[in-house]
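What follows is a set of notes on a single structure, which appears directly below.
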Amino acid sequence: MRTIQGIPASPGIAIGVAFQFLDDEEPTIPRYAVTERELDGEWDRFVVAVDKSKDDVTALRDRAVREMGHEHGAIFDAHLLMLDDPEVLEAIEYSLRESLLNIEWIVHQYEQAIIKRLEGLSDPVLQERTVDVHDITRRILNHLMFRERFSLADLNTDVVLVARNLLPSDMIAMNRTKVKAIAMDAGGKTSHTAILARAFEIPAVLGLGGVGRTIKNGDVVVVDGNIGDIKIDPDTLTLERYEKVRARMAERDVNLSSLVGLPARTLDGKDVLIKANIEVPEETDSVLRHGAEGIGLFRSEFLFLQPGRAPSEEAQYSAYRRVIESMGGRPVTIRTLDVGGDKVVPDLAIEEEKNPLLGWRAIRYCLSDSELFQNQLRAILRASAYGDARIMFPMISGPVELDAALAALEEAKEECRTRGQAFRADMPVGIMIEVPSAALIADILATKVDFFSIGTNDLIQYTIAVDRGNEKVAYLHEPFHPAVLRLIKRVIDDGHAAGITVSMCGEMASDPFAAVVLLGLGLDEFSMSAVSVPDVKRTIRSVSFEEAQAVALEALTMTSHHATETFLAQRLSGRVSRE
Ligand code: PEP
Ligand code: MG
C-alpha cells in the first residue's frame, strides 16, 4: 500500500477502481516544412479544424446551460470568443507564412507561448487559465490530426477518475453518476474542478503533482477528500477501516437525515434558524436535502471566478433568480462580490498588493468600480421579485463605507424603476461583521441595516492578526480566543438592542461546541456548508436554551481558547459530539 498526499478539494470518502484518463496525455505534434504553394492548403485545414471546434464548444455550451444554468455556459462562451479572436487568427496565419512549417506545429508553438506568458504571472487564478488555452488548442489539434477523444460522457462503470488535468469541458461532459471520486495532478481549491466537484458532491483530491501518474489503471484506491490523501492498493486492514468509516458516515447520514423536516428547537422550545452557505447555484439541491431552512450566504464571487468576462447583469440575474426560485420561498441572502485578498478574480484588474488582505478588496473594490457594482446590485434587485431575497455587503469597516454601499443600492433601485423592472422594495439589507472595527461599533452600524452576519473566518483573522490561509500560523486561528468571544457577544447584544437579527456564516457556526455557546449568547441564525447542517441541528435540539446561556456565561469567563475547549468538552460530554 502507498499513500500520496494532495489538496483536499471536495469532501467525502470513496473506494474504487482507478481509471486513468489517458486522453489528456499530450499527443506527439508533428513538425515538418511546407512549401509556399502548400501554405493555403495548410491554412484551409486550420480553418476547418477551428470551425469543427466551434461546433463542439457550442454543443458543450448548450448542454452546460441546459443542465446547470447560464453562468456555466460562460466558460464555453469564453472559449468561443478565443476561437473567433481575430488577433489570435492573424498571429497564427502570420507565423505559418513566416516559418513555412506545418499548421499543427504552429498551433502548438502558439499555445506554448501563451501558456508560458500566463504561467509567468504571479496570480494563481490567472495561471489556472492555461487550462482553457490548453482545452481549445487541444481540440483544434485533435481535429487537425483526426484524433478522436474518448469522452468521459461514455463512462459506463463506477470509477475513481485519475487525470493529469481535467478541463472544464471534461467536468461538464463527464457521466457524473459513474465518477465516485477524482484524483488529479493539477488544480487548487479555487480551480474549476474543485468548485464543480464540491457542487456535484464528488470527493476530490487535487494538486497531486506528478505523483498522480503513479496510480495505474485498475488499481484499487481510497480517496479521502476530507484530509486530501489517497491510498493506493490498500491492505485488507486499511480497506476494512475505511469501509467502517464509510459505513459509520452513511449510518450517521441516515440518522441525521431524520432531522431534515424538524425545526432547530432547543429542549425548552427556543427556535433558531439553520441555513446553508453556497458557492454555486447547483448546491441548492444539497441545501434542501440537508434540511437547511434557507441560504444564509451565497458567495456570489464564485460566479466571477469563471474565466471569460465578469458575468453580465443578465447572467447574474438568472443565477440569483434560479437560486431564489429553487429555495421555494425560503430566505436567500446574496452577498455582493467579495473579491481580493485570497479570492482573486481573473478578469478584474486587481493589481498585486503588498498586503492584499488589508487592501483593495470586497466592498472597497466594488465601490471603486461603479459599473460592475451597479450591474450586480440590479441583478440582485431584479431577482428579489421572485422570492425572499436579502442582500449583504462584505468587509464593512465603518459607517462611511456602509453609507456609500447603501447609496449605491438606492441608485440601482432608481435605475430599475426607470427601466420598469420589478424588485422587492423592502428587501432586507445586511452587512457582514468581519472586521474588528465594525464589531466595536456594531451599535452605530445596527441603526442603518436590517441584519448582521458575523463572518468569523475573517473576524478571527483580523482580530488575532493571523492569516487564515497560512498553515504555519493556523494553530492561532482560535474561535474561542477570549477577544473573539467578547466581540461576538458585543455584536449580538448591540444588534438585539437595535432590534435586528444577528446571524453567523463563518466556519465557527458549524462547530457543535461553538453552536452551544453561540446559542447561549443569543445568536438568531446559523449558516454553514450544507453537510454540516444536520450536526448543528442535532446539537441545538439536544440542549436547553437555559443551559446554553449558562454555558456561554461561563465560557466568557475563560482566559484562553484552550481553557474554553476543555471546559466545553467536559460540560457537553456525552451529549454534544464533534464527529
Ligand atoms: C467569513 O469571513 O467568515 C466569511 C463567511 O466569508 P468568507 O469565508 O467568504 O471570507
Ligand atoms: Mg469573509
Side-chain angles (χ1 to χ4, degrees), residues 9 125 188-190 194-195 198-199 274-280 283 287 292 294-305 332-345 350 355-366 376 390-397 401-402 405 430-439 442 445 451-470 474 476-481 483-485 487-488 491-492 502-511 514-515 518 523 525-533 536:
V125 182
K189 279 196 178 189
T190 61
I195 293 168
R198 283 197 293 273
I274 303 202
K275 299 180 180 173
N277 297 346
I278 64 165
E279 281 75 41
V280 288
E283 286 176 89
V287 168
I295 290 173
L297 169 64
F298 177 6
R299 290 183 162 101
S300 69
E301 54 276 9
F302 278 79
L303 294 178
F304 291 71
L305 288 174
V332 174
T333 300
I334 302 169
R335 178 175 72 184
T336 60
L337 186 64
D338 184 14
V339 278
D342 50 342
K343 294 177 201 142
V344 185
V345 168
I350 300 181
N355 286 307
L357 293 168
L358 305 179
W360 195 33
R361 54 170 302 202
I363 196 67
R364 303 166 184 184
Y365 182 82
C366 289
Q376 178 168 45
R390 290 125 196 246
I391 188 167
M392 176 160 77
F393 300 119
M395 277 284 292
I396 294 290
S397 63
E401 255 168 359
L402 176 54
I431 55 172
M432 300 273 303
I433 299 284
E434 48 186 350
V435 181
S437 59
L445 301 175
F451 65 92
F452 285 156
S453 187
I454 307 174
T456 43
N457 306 340
D458 278 319
L459 186 63
I460 297 171
Q461 158 166 273
Y462 294 125
T463 304
I464 309 180
V466 51
D467 179 348
R468 67 193 253 194
N470 183 339
L476 284 173
H477 202 269
E478 297 171 339
F480 296 125
H481 188 298
V484 175
L485 282 186
L487 284 178
I488 293 172
V491 173
I492 297 174
V502 184
S503 152
M504 179 178 287
C505 58
E507 287 301 311
M508 183 177 179
S510 63
D511 171 20
L518 296 166
L523 192 76
E525 298 183 4
F526 297 66
S527 192
M528 61 204 68
S529 60
V531 285
S532 304
V533 167
V536 173

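Remember, it's 1-based here, ligands and their atoms both numbered in the order they're listed.
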Q) Residues in side chain to side chain donor-acceptor pair (under 3.5 Å) with Glu401, at least two apart? A)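 Arg364, Ser397.
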Minimal non-hydrogen separation, [X] against [Y], with atom names:
X: Phe298; Y: Glu279; result: CE1-O, 3.7 Å
X: Ser300; Y: Thr336; result: OG-C, 3.6 Å
X: Ser527; Y: Leu297; result: OG-N, 3.8 Å
X: Val502; Y: Val491; result: CG2-O, 4.0 Å

Does only the side chain of [X] get under 4.0 Å from ligand 1, or the backbone, or both, or neither? Count heavy atoms.
X: Thr456; answer: backbone
X: Leu297; answer: side chain
X: Asp338; answer: side chain
X: Glu507; answer: neither

Q. Does an N or O anywhere in Asp458 fall below 3.5 Å from an N or O of ligand 1?
A.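 There is such a contact, yes.
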**Q.** Contact with ligand 1 for Met508, non-hydrogen, under 4.0 angstrom
**A.**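 No heavy atom of Met508 comes that close to ligand 1.
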Q.
Looking at ligand 1, would Arg335 count as a contact under a 4.0 Å heavy-atom criterion?
A.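 Arg335: in contact with ligand 1 (<4.0 Å).
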Under 4.0 Å to a heavy atom of [X] - the qualifying atoms of ligand 1, by number:
X: Cys505; value: 5 (C)
X: Met432; value: 4 (C), 5 (C), 6 (O)
X: Glu434; value: 1 (C), 2 (O), 6 (O)

Q) Residues two or more places apart in sequence or in another chain: which of them pass salt bridge (charged side-chain N to carboxylate O under 4.0 Å, His left out) with Glu434? A)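 If we apply the salt bridge (charged side-chain N to carboxylate O under 4.0 Å, His left out) test to Glu434, skipping adjacent residues, there are no hits.
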Q: Given side-chain contact (heavy atoms from CB on, under 4.5 Å), test Leu357 with Tyr462 step by step and report yes or no.
A: CA-CA 9 Å; Leu357 293 168; Tyr462 294 125; 4.1 Å; yes
Q: For the Mg ion (ligand 2), find the closest N/O/S atom belonging to Asp458 and write down its atom name.
A: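 Per the distance ranking, Asp458 contributes OD2 as its closest N/O/S atom to the Mg ion (ligand 2).
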Q.
I'd like to check Phe526 versus Val533 (side-chain heavy atoms, cut-off strictly below 4.5 Å). Are they in contact?
A.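 Result no, sub-4.5 Å side-chain heavy-atom pair not found.
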Q) Does the shortest distance from the Mg ion (ligand 2) to an N/O/S atom of Glu434 fall below 2.8 Å? A)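 Under 2.8 Å: Glu434 contacts the Mg ion (ligand 2) through an N, O or S atom.
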